[in-house]
Structure formats: C-alpha cells, structure tokens
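Have a look at the structure below, then the notes.
This structure is a prediction, so every number in the text was calculated from the model and none was measured. Letters A, B, ... mirror the listed sequences (proteins, then strands); counts begin at 1.
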2 protein chains.
Amino acid sequence: MRSTADDLTTRARIRDAAIGLFGREGFSRATVRAVASLAGVSPGLVIHHFGSKAGLREACDQHVLAQTATQGREKADPGSTGRLIQDYLNNPDQYTEEIAYIRRSLGDESDAGDAFFDAVVKQCQDIIHTGIEAGTIRKFDDIRSVAVVIASNSLAVLMLGRHLSRSLGVPAPEPNGIAPDLLRQLTLPLLEIYTHGFYSDPRFLNAAREALEENNANNGREHAP
Amino acid sequence: MRSTADDLTTRARIRDAAIGLFGREGFSRATVRAVASLAGVSPGLVIHHFGSKAGLREACDQHVLAQTATQGREKADPGSTGRLIQDYLNNPDQYTEEIAYIRRSLGDESDAGDAFFDAVVKQCQDIIHTGIEAGTIRKFDDIRSVAVVIASNSLAVLMLGRHLSRSLGVPAPEPNGIAPDLLRQLTLPLLEIYTHGFYSDPRFLNAAREALEENNANNGREHAP
DNA sequence: ATTCGCATTGAACAAGTGTTTAGCGTATGA
DNA sequence: TCATACGCTAAACACTTGTTCAATGCGAAT
C-alpha cells in the first residue's frame, strides 16, 4: 500500500517520518529536529513545507486518519470487518505506524481522533443494524449505546495493547504494537462473551436495572435542598 | 479522603499540584514551573524536594497508583466492585484527578501504569474465580484471557471517556472526565451484552474457531521458505 | 543568645525548543 | 542565455525547558 522506498516527494518523506515519530513518541515529545533527521533533511525544510509543527501535525492527521476513517466508512458492509482483520493478520507490519498514530490521536484530544472514533462508532452501528435484520445479532433497545460500547471495547485493544501483550506474555514486536498472536489469543474469549455472555444468569442485569431506577428517583430528590 | 485545604506539607502540596497537572496535561507537557506556580512556590523548591522532575513523577506514581493498586487488591472480594462504583457515583469529584492521572499512566509507558493494570487484571481474575464457584459467572476455559478482556473493556471507559461522552452527548464536567451519567448510560448496554450476549447464535464463534485452527495450521507452514 | 539546619527564593545557566533568515544551487521557462 | 522560482541548508534567534547556586529568613536546639 505504501511505497517503501525513497521514490516519494521530500514533503511526503517528511510527513511519513513525522507519522512514525508522532506515533512512537507522541506529539509533544517528538521534536521537529528529530523528524527532520529521520527524513534526512534540515529542520528548516520541515517548517518550509508545513509552516509550523502544528501544520505538520495537521498534515499527518489528514493523511492517516481522514483516509482511514473514509476507508472504514466505505467498506461498511458488515462482512468486511472480518476481512479487514484478516488483512491485518496477514501483514501487520504495514499498519503498525498508522495504528500507533491513531492511538496517540485518540489519547490526545484532537479533531482527527474525534473523527476516527465517530467513524468507528458509525461503522459499529451499521453492523448492528444489519446484524439485527439478518438475525445474527440480538435485538437491543438502545442501539446507539451498544454501538458505543462495542466500539469502546474494540478500541481498548488499541489503547491498551501494550498492557495486554505484557499481561498475557505475548511478545510484541515493538512497544505498544499489537502482535497478531495477541489478537488471536483474545478473539475466542471475546467472542465467547459476545456469544454466550459473561454472567450465567440475569441476576446482575436485573440488580443494575433496579439500582439505576432507584438512583434516578434519588436524583430527582437530590436537587432539592 | 483528601484534605482539601492548605493544611498540608509544602511537599505534599507540590505533589498534589503535580498529580493534577500531570493528569490534565500529561507528563511531558506539564512543566516544573507550572507545577510550582500551581502550588504557589518557586520552581527551585520543587527540585529541592524531589530532586528532579522524574523524581516528582515517581512520588506522584507512588502516591496515586501504588496506593490505588494495593487498595484494589485488598478489597478483592467480588462484591466490593459494585460498592466501589457506587462510591464513585456518589462523589465523583473526589476521584477525577486520580482517574486522569491513571489514564495518563496507562497511556504513557510507566512501571506504575503496568502495576495498576496488573492489579486490575488480578482483581478481575479473582472475581471470575469466585463467580464461577458461586455459579453467577459462566465457566471459561481460559480464565486468564477472559480476565484480561474484561479488564481491557473496563479500562476502555477510562481511556476513551472523552470520546464516549462526546459520542453519546453526555456533558462531561471536564475534558477526559467521566461523568456519573455516562456510567449510568453505559451500564445497562454493557450488562445486557455480558448477560445475554451480543450475537444471537454461535455462528461467529464457531467461524472464528475454525478460522483460527486453519490459521494455526498455515502458520506452521509459513515458517518454511 | 547564638548557632545550626532547613525551607525557600530569585537569579542565573546550559541545553533544547520552534522558527526565521539569508543564501546557495539547480532546474525551468522566457 | 538569463532570470526566476523553488528546494534546500546552515546559522542564528528568541524562547522555554530542567536544573543549579548563592543568599535569605526562620524555627529549634545548645
């Protein structure tokens, strides 16, 4: 997908170097000088091409996230998610930089991160709608909230990949990277929960329902002195 | 729990100011000068008390995380989780700074963040064991992995709280804060999934099982040229 | 009362930061 | 052929960063 060699514009080379470094170090720790040296150019040239460090970041945001989000929205047919994951499992190295960058964008508050998260939620929502029609997904009252929960659970792997790897003893090729083996090990437990549930009976669900209703009632009273 | 006024040691006041700022801005963006001014002291005094910025961070780590992790491990009887959440719902403002700090620690790579994550996993594991014995939680083959998944899903709320609030339109009192209303809105969807599942039949689970076995077989071959 | 120790400050330092500027070379179009 | 524009660099600038240091004040111990 990405041209590996230096057949790129200098501008593009700088941008790619920045994407890598921003993902690895975070926006504030990554310096213009480091980006420049990584791209094999002078610091001045970075500014010349992007106006400022913030401008460079915007260019990176647009290149990684806008693209990824659009991509995800286009292939929003539910079957493609499996294909997408399969694609990642087959050649994960190609996506590591993008993934690291997205992780940083979701953590930092940035418009690009917001857009990406919203795109994921929208995709989940579409999948749920289609799944309910097809009868493969249970009917939910509040589809929107369920979509957000599913998105949150899914992106957790991205945000906490480092800890998941560490905790399960799955070696990660690089810090914060998500090894294919990690995904493989997490798939079945997650799908078991998603299929048969985690609790064995509706006790907790009912208890929570009651507690929430009671809490709502209390809330009404709390606002009076 | 925390003394609100200035009846604290100067050292403690600096540390608390740092915890707040580190949580809000992140470790690298928060400057020694900003911490000092927030605590109403000179920058030199910060260094005098903690040796260096890294030393200050270590002190904060120890105060917030080590404490929290230990606390969690001690009250590891499964019922206490509900009480802990209830406690948070009743007075959330008291914990916002700690939560922000923990979020930063989990995102940044730090020993303190590692310890916290491990503590959460361990607590999940204990809960699952106890729950299985009591018959409230389904029997799982790979309890360890399930614990990691549950921990990951739970901490996702912490890591992505900002996006969850935004996406659901629940106003958050401060950026990256987790409003009680948000938790309330997420509880039922999550518990529904955890109780009745997300998929309506084991189709996806079985498909994944087959795909993984096939993939494993392929993996064996892939290592040969 | 004097000395000691410690909390505390203000100013300074050295390194690193993003950014500016002047100038170099080279290709392109007139 | 010349001029123009542009990619690009080296050096410098202004500022922020973490940290140091000498000096001050103050409370407690002798």
Side-chain angles (χ1 to χ4, degrees), chain A residues 3 5-64 101 104-105 107-112, chain B residues 3 5-64 101 104-105 107-112:
Chain A
S3 5
D6 35 21
D7 60 334
L8 289 161
T9 323
T10 306
R11 195 189 136 96
R13 244 178 43 235
I14 296 174
R15 186 204 55 207
D16 285 359
I19 289 172
L21 202 64
F22 286 163
R24 259 172 281 143
E25 305 281 331
F27 180 70
S28 60
R29 270 190 296 267
T31 69
V32 172
R33 281 174 170 79
V35 169
S37 122
L38 213 66
V41 299
S42 70
L45 191 61
V46 176
I47 303 296
H48 171 71
H49 275 301
F50 298 94
S52 67
K53 190 186 178 184
L56 173 59
R57 188 208 178 134
E58 240 174 273
C60 294
D61 281 354
Q62 212 147 15
H63 189 253
V64 174
Y101 191 92
R104 290 266 121 82
S105 299
D108 251 346
E109 36 197 298
S110 81
D111 294 346
Chain B
S3 4
D6 35 22
D7 60 334
L8 290 162
T9 325
T10 306
R11 195 189 135 94
R13 243 177 45 237
I14 295 174
R15 186 205 53 209
D16 285 359
I19 289 172
L21 203 63
F22 287 164
R24 259 171 280 139
E25 306 279 331
F27 181 69
S28 59
R29 269 189 297 268
T31 69
V32 172
R33 280 174 170 81
V35 170
S37 122
L38 213 66
V41 300
S42 69
L45 191 61
V46 176
I47 302 295
H48 171 72
H49 275 301
F50 297 94
S52 66
K53 190 187 177 183
L56 173 59
R57 189 209 178 133
E58 241 175 89
C60 294
D61 282 353
Q62 212 146 16
H63 188 253
V64 174
Y101 192 91
R104 290 280 104 84
S105 299
D108 250 346
E109 36 198 296
S110 82
D111 293 347

Whole-Å distance separating the [atom1] atom of [X] from the [atom2] atom of [N]:
X	N	atom1	atom2	answer
A:R57	C:dT17	CZ	C1'	17 Å
B:R29	C:dG18	CZ	P	13 Å
B:R13	C:dA7	CZ	C1'	12 Å
B:F27	D:dT17	CZ	C1'	12 Å

To the closest 0.5 Å, what do you measure between [atom1] ([X]) and [atom2] ([Y])?
X	Y	atom1	atom2	answer
A:R57	A:R104	CZ	CZ	10.5 Å
A:L38	A:I19	CG	CD1	12.0 Å
B:E58	B:S110	CD	OG	10.5 Å
B:K53	B:F22	NZ	CZ	6.0 Å

Among the candidates [options], find the nucleotide nearest to the side-chain atoms of [X].
X	options	answer
A:K53	D:dT19, C:dG18, D:dT9	C:dG18
B:I47	D:dT20, C:dT20, C:dA7	D:dT20
A:P43	C:dT19, D:dG18, D:dT9	C:dT19
B:R33	C:dG18, C:dA7, C:dA12	C:dA12
A:V41	D:dG18, D:dT9, C:dT9	D:dT9
A:T10	C:dT9, C:dT19, D:dC8	D:dC8

| said: If the cut-off is 4.0 Å, is A:H49 near the phosphate of D:dC6, judged by side-chain N/O to OP1 or OP2? | reply: no
| task | Identify, between B:I14 and A:A30, the residue whose nearest nucleotide on DNA chain C lies closer to the 5' end. | result |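 On the 5' side of the pair lies B:I14.
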| For B:H48, which contact category applies under a 4.0 Å heavy-atom criterion: base, sugar-phosphate, or nothing? |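 It contacts base atoms.
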| request: For A:S42, report the nucleic acid contact type (base, sugar-phosphate, nothing); a contact means any heavy atom under 4.0 Å. | output: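 Here A:S42 touches the bases of the nucleic acid.
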| task | Using the side chain to side chain contact (heavy atoms under 4.5 Å, CB included) rule, pick out the option among A:V41, A:I14, A:L56 that qualifies with A:H49. | result |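 Only one of A:V41, A:I14, A:L56 forms a side chain to side chain contact (heavy atoms under 4.5 Å, CB included) with A:H49, namely A:I14.
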| said: If you assign B:G51 and A:L45 each to the DNA chain D nucleotide with the nearest heavy atom, which residue ends up on the more 5' nucleotide? | reply: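 Between the two, 5'-proximity favours A:L45.
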